[in-house]
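Input: a single structure, listed below in structure tokens.
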Number of protein chains: 2
Amino acid sequence: MAITIKELAAAAKVSVATVSRALNDDPKVRPETKKRVKHFADLLDYNPNILARNFKKGTSNIIGLILPDIYGEFFTEIIRGVDAVCYEHGYYPLVASSHSERSMAETMINFMGQGIVGGYIVMAPVLSDDLKSIIQKKNLPIVLINGRMTYEDCDSVGVDNQASAKAMVTHLIEKGYKRIAHISGSKKNNDATRREKGYVAALEEQGIAVDKKMIKSGDFDIVKGEQICREFLSSKNKPDAIFCANDMMAIGCYKAAATMGFKIPEDIAIAGFDDIFVSQFMTPRLTTVRVDTELIGKTAADLLIKRIAESQISSFSKIVIPSTIIDGESS
Amino acid sequence: MAITIKELAAAAKVSVATVSRALNDDPKVRPETKKRVKHFADLLDYNPNILARNFKKGTSNIIGLILPDIYGEFFTEIIRGVDAVCYEHGYYPLVASSHSERSMAETMINFMGQGIVGGYIVMAPVLSDDLKSIIQKKNLPIVLINGRMTYEDCDSVGVDNQASAKAMVTHLIEKGYKRIAHISGSKKNNDATRREKGYVAALEEQGIAVDKKMIKSGDFDIVKGEQICREFLSSKNKPDAIFCANDMMAIGCYKAAATMGFKIPEDIAIAGFDDIFVSQFMTPRLTTVRVDTELIGKTAADLLIKRIAESQISSFSKIVIPSTIIDGESS
DNA sequence: TTGAAAGCGCTAACAC
DNA sequence: GTGTTAGCGCTTTCAA
């Protein structure tokens, strides 16, 4: 066991209270006393037991980061961003996935009232009623990532999926594409539905009729993306461009095009969403929407840490992280 | 603040001690008492304050997962594996990267004696003296991932990089390739040096002279991989195959080959290491070494949790996670 | 400016 | 089998 405040107090010949105050930079402590205490703390290699501190204060410097799953770049970058900000502020991120078999709501309840975390960042692609009620009766600060941005009861950070998708499709139209198909994500996924709405909005704004047959769900999956692209390419009314709801499905399209002998972008233009790492190395370079995912994580952590530190509740923020169109050679 | 053990005790009309015992399944408690306590616990929505428990017991059900950085599939899968096992055992993973500017050693010291974690999993691609001394005088259980496997002072889990690389190169030789080049990782990275050794060992075993000019360091970087591949392909003594120390560099090679007009595998065969997600979707499918990274994380977490739970120290394990050769169409 | 002491919620030794 | 109580290391009143 490491050295305790008592031993440090004895060494510095002051009371434990003074040690505590000195180490917490209480202005009431005389500078020379403070100095002596700190000197001995260094000397004896003293580290306050954070557990005891958190326990006593009823808060925690640990942030619960609850993700629907842990895979792929998106989550990694969120974790990375959260980690970076946590480090700056002396917080630690506790990462938990919802483990599919249990609901996300359960995971959150598990954390609650246990004292382990001082607040959480929740990434909920689907905002169930369970989850909503938990957020509403929350006893800990919560920041939502990419949740429904209209939600009024907590802070949230995310991308404007709809506007970004709309911008991308508009960009394709401006480049001269007339028949733009869309491979959407899962119907249940909030991001996916927003992106599809953006696609529809762009067409409507440009006076292009929306053809339902030109929208197919690929579940964000690379293999499904390939499959659907194959269907599009072999249909009689072949599209001249495909906007995929994520880059993974776009990669699937590349594969389909290659094996079917279609050249990108001459025979079929492809656009994605996310700008994952490999996209910049694909030949031709994928046209896509870049989202600074790490910034989402950072912003969420910043928000949460502020929220944990403050006592009174100020109004909730909804922060939109901007996205950029990467005009690659695939369109 | 959530309900405490005291209030629960009052409700169930027993002492706090009985509540504690009942909830911890102490066999001394009468079944009916246990039942009543649990009933009230459910009713009142009681969750024990884990912080208080950990504090009191001087342990923690939180595992510190210290990574050199957080990006790419490898780390994600480690986190994923650790998370899965943690969940099973009621533990939580606390993820921290070493944040480059501070050393990994510092991060570990930060955790120590603070009570926050009950042990850690450390992924150290380089085992510095700092780190070694910390491991040696450790006051908390540690499991090393992919560290130097010869290290004797703690548990470790990892891949046999050398044997796997050797197997891959031998495989290439058996396929008929005569002039196999190697794009290695960073000289400082333990994985990289082991893979290079495996490459050399395979050549030697097959009676092929090792040509130093055929080994160049690409730092595990996709762009450097492309660059070096370009150099190899334009040299007068062009290799007929390139074994890259990771898939990212292999992707770089694909790019170089495509732009220089070389066909894979006819003009140049490419092999990688890691079998990252996109490798299976590359055209042609990349020949590579598959490592079950998630299993590494799982195994490490398993080991650590056992270590935390047990009181006396048994001998340290070194677990080697097997790897497989994926015989793709790029060779 | 400093010290003494209470107490956070829980577990475990001891008493009954 | 159950209750009483000390105490984990720290912060924070309250006194001095």
Side-chain angles (χ1 to χ4, degrees), chain A residues 1-38 40-41 44-62 90 112-118 139 309 311, chain B residues 1-38 40-41 44-62 90 112-118 139 309 311:
Chain A
M1 181 62 81
I3 174 175
T4 74
I5 198 171
K6 246 186 200 165
E7 307 169 67
L8 176 54
K13 297 198 207 310
V14 290
S15 73
V16 290
T18 304
V19 171
S20 171
R21 282 191 277 253
L23 262 29
N24 287 302
D25 268 331
D26 189 320
K28 274 184 260 181
V29 179
R30 220 174 342 134
E32 45 198 278
T33 316
K34 209 176 273 187
K35 213 168 167 184
R36 196 167 79 251
V37 170
K38 285 186 176 169
F40 277 100
L44 300 178
D45 212 16
Y46 170 78
N47 283 306
N49 183 317
I50 306 276
L51 228 53
R53 172 181 294 173
N54 285 346
F55 165 55
K56 166 66 183 170
K57 297 182 101 173
T59 67
S60 170
N61 64 337
I62 297 178
M112 290 200 156
Q114 290 200 136
I116 279 196
V117 303
N139 44 17
S311 38
Chain B
M1 182 61 82
I3 173 176
T4 74
I5 198 172
K6 246 186 199 164
E7 307 169 67
L8 176 54
K13 295 197 207 310
V14 290
S15 73
V16 290
T18 303
V19 171
S20 172
R21 282 191 278 252
L23 262 31
N24 288 302
D25 268 330
D26 189 320
K28 276 185 260 183
V29 180
R30 219 172 346 132
E32 46 197 276
T33 316
K34 210 176 271 185
K35 213 168 167 185
R36 195 167 77 253
V37 171
K38 286 186 175 167
F40 278 99
L44 300 177
D45 212 16
Y46 169 79
N47 283 305
N49 183 319
I50 306 276
L51 229 53
R53 172 183 294 173
N54 285 345
F55 165 56
K56 164 69 183 170
K57 297 182 100 173
T59 68
S60 170
N61 64 338
I62 297 179
M112 290 201 157
Q114 289 199 136
I116 279 196
V117 303
N139 44 17
S311 39

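Only heavy atoms go into these numbers, but all of them, side chains included; no hydrogens, no water, no symmetry mates. Everything numeric here is computed off the predicted structure, so don't read it as measured data. Chain naming here is simple, since letters A, B, ... match the order of the sequence lines and numbering starts at 1 in each.
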Rounded off to whole Å, could you give me the CG-to-P distance for the B/Asp26 and D/dG3 pair?
-> 13 Å

Over how many whole Å does the gap from A/Leu51 atom CG to C/dG9 atom C1' extend?
-> 12 Å

Do B/Phe55 and the base of D/dC8 stack face to face, with centres under 5.5 Å apart and an angle between planes under 30°?
-> yes

How many Å lie between NZ on B/Lys6 and P on D/dT4, as a whole number?
-> 12 Å

Residue closer to the 5' end of DNA chain D, B/Pro27 versus B/Ala52 (nearest nucleotide) | B/Pro27

Please report the shortest heavy-atom distance between A/Val19 and A/Leu8, naming the atom on each side.
-> CG1-CD2, 3.7 Å

Tell me: CG of B/Asn24 to P of C/dG9, nearest whole Å?
-> 17 Å

N-O pairing of B/Asp25 and B/Lys34 below 4.0 Å = yes

Answer yes or no: is there a donor N or O on one side and an acceptor on the other, between the side chain of B/Ser60 and the main chain of B/Ile116, under 3.5 Å?
-> yes

Which nucleotide, D/dC10, C/dT1, C/dG9, lies nearest any side-chain atom of B/Ile5?
-> C/dG9

Counting N and O atoms only, with roles assigned by atom type, does the side chain of A/Asn24 sit under 3.5 Å from a partner on the main chain of A/Asp26, one being a donor and the other an acceptor?
-> no

Could you state the atom-to-atom distance from CG of B/Asp25 to P of D/dG1 in whole Å?
-> 15 Å

Verify the contact: side-chain N or O of B/Arg53 to OP1 or OP2 of C/dT11, cut-off strictly under 4.0 Å; return yes or no.
-> yes

Any side-chain heavy atom of B/Ile5 within less than 4.5 Å of one from B/Leu23?
-> no

Would you kindly give the CZ-to-P distance between B/Arg21 and C/dG9, to the nearest whole Å?
-> 20 Å

Out of C/dC8, C/dA12, C/dT2, minimum distance to the side chain of A/Lys56 belongs to C/dC8

Heavy-atom pair with the smallest gap, counting every atom of B/Ala12 and B/Arg36 = O-NH2, 2.9 Å

Between D/dC10 and A/Tyr46, is there an OP1 or OP2 to side-chain N/O distance shorter than 4.0 Å?
-> yes

May I have the distance from B/Lys57 (atom NZ) to C/dA13 (atom C1'), rounded to whole angstrom?
-> 15 Å

Ignoring hydrogens and angles, tell me if any N or O in the side chain of A/Asn61 forms a donor-acceptor pair with the backbone of A/Gly90 under 3.5 Å.
-> yes

Spacing of B/Lys28 atom NZ relative to C/dT11 atom C1', expressed in whole Å | 12 Å

Members of residues 8-20 of chain B that approach DNA chain C, where some heavy atom sits under 4.0 Å away = B/Ala17, B/Ser20

